[in-house]
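To start, the structure under review is shown below, and the notes come after it.
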Protein chains: 2
Amino acid sequence: MEADADLFRALGDATRRTILDELTERDGQTLFEICGRLTVRHGLSSSRQAISQHLAVLEQAGLVRTRRQGRYKFHHIDTSPLRSIVERWPVHGEDPNP
Amino acid sequence: MEADADLFRALGDATRRTILDELTERDGQTLFEICGRLTVRHGLSSSRQAISQHLAVLEQAGLVRTRRQGRYKFHHIDTSPLRSIVERWPVHGEDPNP
DNA sequence: GTTATAGGCAAGTGCCCGCTTGCCTGTCAA
DNA sequence: TTGACAGGCAAGCGGGCACTTGCCTATAAC
């Protein structure tokens, strides 16, 4: 079995990538916050359950970490798994800026 | 429409990722070479047509560039599209080595 | 306690995608 | 010219995945 299978599977969906964009812009959102901002700011109207399942996939891939507080569940992005991608297939001009 | 949709779609399949591993190790292989080495060295027995379709997806994503020479077609890896991933979601400790 | 809010669980469905199958095109050696 | 070799094209099939639907749990406000 491949190690990063969950990572690439998580990145394979456009909605999940947009969720990562949202969490990059504003980290630590709840499920309902993400739903609202995805609809308003990104134009995609997905149901709450759909987003919830997407977040579960992202969490399994290690790209999202959660923190419970009362009845709220905050979602935080973690981009560190992405490093394994460029480590696996090295990009030649790694650092463009001097 | 998203820009890097083809890129993430290409990376979403385990066989295609193994093809990138193969081309990283030995660049400029033909279709039949890739088929043989995937079978022997990686244990996955995919048909020639399957690998051909995988290479087409990788080429459409910009991860593989081809060069025809007579009846041979050599495949070269191009990892530069991967840079857009870490640019989109910046990794905090970007450069581990000083 | 009662109601509203935030989130979870599980079964069912439709569709995309990887793979096969079969046949065709083009290049090189005999 | 004929055969073998390297690769391409297109239709069909099956499984996985995203999404819905319906109901349930838990925390907080009233």
Side-chain angles (χ1 to χ4, degrees), chain A residues 1-2 4-23 26 28-40 42-61 63-76, chain B residues 1-2 4-23 26 28-40 42-61 63-76:
Chain A
M1 186 54 183
E2 193 185 16
D4 300 325
D6 290 338
L7 171 63
F8 290 106
R9 180 187 180 277
L11 292 175
D13 185 79
T15 302
R16 283 194 287 266
R17 295 193 293 270
T18 309
I19 292 177
L20 292 181
D21 291 338
E22 247 310 302
L23 291 179
R26 172 190 274 226
Q29 295 188 53
T30 68
L31 172 60
F32 276 47
E33 278 183 277
I34 296 174
C35 286
R37 292 175 63 105
L38 281 183
T39 304
V40 174
H42 300 270
L44 39 106
S45 59
S46 300
S47 71
R48 177 184 60 89
Q49 291 81 353
I51 304 297
S52 178
Q53 291 171 1
H54 281 310
L55 287 171
V57 175
L58 288 170
E59 191 173 4
Q60 191 180 353
L63 289 168
V64 162
R65 306 209 174 270
T66 60
R67 166 176 60 96
R68 286 220 84 132
Q69 187 170 345
R71 58 174 169 178
Y72 298 104
K73 187 178 182 181
F74 300 100
H75 300 265
H76 297 267
Chain B
M1 186 54 186
E2 193 185 15
D4 301 326
D6 290 338
L7 172 63
F8 290 106
R9 180 187 179 278
L11 292 176
D13 184 80
T15 302
R16 285 193 285 268
R17 295 194 291 271
T18 309
I19 292 177
L20 291 180
D21 291 337
E22 247 310 303
L23 290 179
R26 172 189 274 223
Q29 297 188 50
T30 68
L31 172 59
F32 276 46
E33 276 183 279
I34 296 173
C35 286
R37 291 175 62 107
L38 281 183
T39 304
V40 174
H42 299 271
L44 41 106
S45 59
S46 300
S47 71
R48 178 184 59 89
Q49 289 82 353
I51 304 298
S52 178
Q53 290 171 0
H54 281 311
L55 287 171
V57 175
L58 288 170
E59 191 173 4
Q60 190 180 353
L63 289 168
V64 162
R65 305 209 175 272
T66 59
R67 164 176 61 94
R68 285 219 83 136
Q69 188 171 343
R71 59 176 165 174
Y72 297 104
K73 188 178 183 181
F74 300 100
H75 301 264
H76 297 266

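Quick caveat, the model's predicted, so the values are computed rather than measured. Chain A is the first sequence line, chain B the second, and so forth, proteins listed ahead of strands; every chain is numbered from 1. Note: hydrogens, waters and symmetry copies are ignored here, and every other heavy atom, side chains too, is used.
As rounded to whole Å, 9 Å separates atom P of C:dT5 from atom CZ of A:Phe32. For A:Gln60 and D:dA18, the CD to C1' distance is 15 Å, given to the nearest whole Å. In this entry the distance linking NE2 of A:His54 with C1' of C:dG8 reads 16 Å, nearest Å. When rounded to the nearest whole Å, the span between CG of A:Leu55 and P of C:dG7 equals 10 Å. Whole-Å rounding puts the A:Ile19 CD1 to D:dC19 C1' distance at 13 Å. A:Ile34 places its CD1 atom 11 Å from the P atom of C:dG8, with the value rounded to the nearest Å. Counting to the nearest Å, the C1' atom of C:dA10 and the CD atom of A:Gln53 are 10 Å from each other. Taking atom CG of residue A:Asp13 and atom P of nucleotide C:dC17, one finds them 11 Å apart after rounding to whole Å.
Sequence order on DNA chain D of the closest nucleotides to A:Gly12 and B:Arg68 puts B:Arg68 first from the 5' end.
Looking only at side-chain heavy atoms (C-beta outward), B:Thr66 and B:Leu55 stay at 4.5 Å or farther from each other. In this structure the side chain of B:Leu23 reaches within 4.5 angstrom of the side chain of B:Ile34, judged on heavy atoms. At a threshold of 4.5 Å between non-hydrogen side-chain atoms, the residues A:Leu63 and A:Leu11 count as touching.
The local environment of CD in A:Gln69 is sparse, with at most 12 non-hydrogen atoms from other residues, nucleotides or ligands closer than 6.0 Å.
A donor-acceptor contact closer than 3.5 angstrom is absent between the side chains of B:Arg37 and B:His42.
Across all strands shown, A:Ser46 has no heavy atoms under 4.0 Å from either base or sugar-phosphate atoms.
Taking 4.0 angstrom as the limit, A:Ser47 places a side-chain polar atom (N or O) nearer than this to OP1 or OP2 of D:dT20. When the side-chain nitrogen and oxygen atoms of B:Lys73 are compared with OP1 and OP2 of C:dG26, none of them lie within a distance under 4.0 Å. Between A:Thr30 and C:dA6 there is no side-chain polar atom (N or O) within less than 4.0 angstrom of OP1 or OP2.
Here the nucleotide nearest the side chain of A:Arg9, chosen from C:dT20, D:dC17, C:dG7, is D:dC17.
Remark: side-chain polar atoms of A:Thr39 are paired, donor with acceptor, to backbone N or O of A:Cys35 under 3.5 angstrom.
Annotation: side-chain contact (heavy atoms from CB on, under 4.5 Å) contacts of A:Arg65 (sequence neighbours excluded): A:Asp78.
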- Note on the structure: Scoring nucleotides 22-30 of chain D by protein non-hydrogen atoms under 4.0 Å (B base, S sugar-phosphate only, - none) yields B----BS--
